[in-house]
Amino acid sequence: MTFEELRREAQSCEQCSLAKTRTNVVFGVGNPRTDLLFVGEAPGYHEDKQGEPFVGAAGKLLDELLASIGMARSDIYIANVLKCRPPGNRDPNPDEIELCKPFLLKQVELIRPRVICALGNFATRLILEKNVSISRVHGQEFRGKGYLVMPTYHPAAALYARTTLTSIEEDFQKLKEIYAKATAAVEAPAELEAVSEQLGLF
Ligand code: URA
């Protein structure tokens with residue numbers, strides 16, 4: 001299945017009741033060939049209207065955090081646990097997460113990122129498959145299935161809490177290191193190969 005086929009399938013999904021209240025399915029945005037995938041929670045009011053993730057106030061903060069590690073939206077991919085807005089921005093419920101999960105897992109499979117940054121409790125629990133609390137695990141590195149995972153607070157939680165903002169800013173600097181490590185690790189063998197070739201070792 002291609003990324004476009006998956007997008008089309010999500011656009012017409014009616015598996016849960018959120019299909020009745022949504023304006024748009026918010027599949028995701030960015031570069032599907034990226035090494036760095038961000039996973040948020042669910043679309044909010046503005047995302048539902050525009051069909052794009054993180055376009056509201058939390059999105060502006062996410063852009064600033066990305067800039068602080070020398071990245072832009074075009075360098076990464078952003079997806080959510082739920083592709084449709086829960087009315088009134090309530091928490092996603094367990095049934096909705098279970099029904100929507102295959103879309104995110106397929107996105108991960110097709111993008112094949114080296115690093116996943118999980119934003120907030122819902123994304124972190126789904127990606128780590130563990131009932132952890134973000135306040136305990138944020139900024140730490142976990143090994144996933146072919147990728148590294150770093151959970152951090154959801155940007156929306158940092159909008160009104162100074163201490164959370166500081167934590168998220170620090171976590172992003174750790175993310176930068178984890179990303180550098182994860183991408184360097186795959187480039188090294190190619191470099192070694194080139195050097196070996198020059199030295200006539202092959
Ligand atoms: N919060 C999220 O988790 N995702 C969005 O797309 C917007 C706000």
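This one's a predicted model, so the numbers in the text were calculated from it and none came from an experiment. Atoms within a ligand are numbered from 1 in the order they appear, just like the ligands themselves.
A salt bridge does not link Lys106 with Glu9: none of the charged nitrogens is closer than 4.0 Å to a carboxylate oxygen.
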Would you give me the side-chain donor-acceptor pairs under 3.5 Å for residues 148-165, sequence neighbours excluded?
residue: Thr152; atom: OG1; partner: Asp171; partner atom: OD2; Å: 2.7
residue: His154; atom: ND1; partner: Ala156; partner atom: N; Å: 2.9

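The shortest heavy-atom distance from Asn80 to ligand 1 is under 4.0 Å. Contact between Ala58 and ligand 1 is absent, with no heavy atom of the residue lying under 4.0 Å from the ligand.
Relative to the six-membered ring of Tyr45, Lys49 meets both conditions, a distance below 6.0 Å and an angle of at most 45° to the axis.
Leu36 CG to Ile78 CD1: the interatomic distance, rounded to the nearest 0.5 Å, is 9.5 Å.
Contact annotation for Ala42 and ligand 1: only backbone heavy atoms (N, CA, C, O) come within less than 4.0 Å of the ligand. Contacts between Glu41 and ligand 1 below 4.0 angstrom, taking non-hydrogen atoms only, involve backbone and side chain alike.
Those atoms of ligand 1 that come under 4.0 Å of a heavy atom in Gly40, given as number and element, are 3 (O). Near Pro53, with a cut-off below 4.0 Å to any heavy atom, the atoms of ligand 1 are 6 (O).
Just one residue in the list Leu119, Asn80, Val81 forms a side chain to side chain contact (heavy atoms under 4.5 Å, CB included) with Val39, and that residue is Val81.
Considering only heavy atoms from C-beta on, Ile76 comes within 4.5 Å of Leu66 through its side chain.
Scanning all protein heavy atoms for the shortest distance to atom 1 (N) of ligand 1 gives His154 NE2, 3.2 Å.
Not a single N or O atom of Pro43, backbone or side chain, sits closer than 3.5 Å to an N or O atom of ligand 1. For ligand 1, the polar-atom distance check finds an N/O of Phe54 within less than 3.5 Å of one of the ligand's N/O atoms.
Not counting sequence neighbours, Glu170 has no partner by the side-chain hydrogen bond (donor to acceptor under 3.5 Å, both in side chains) test.
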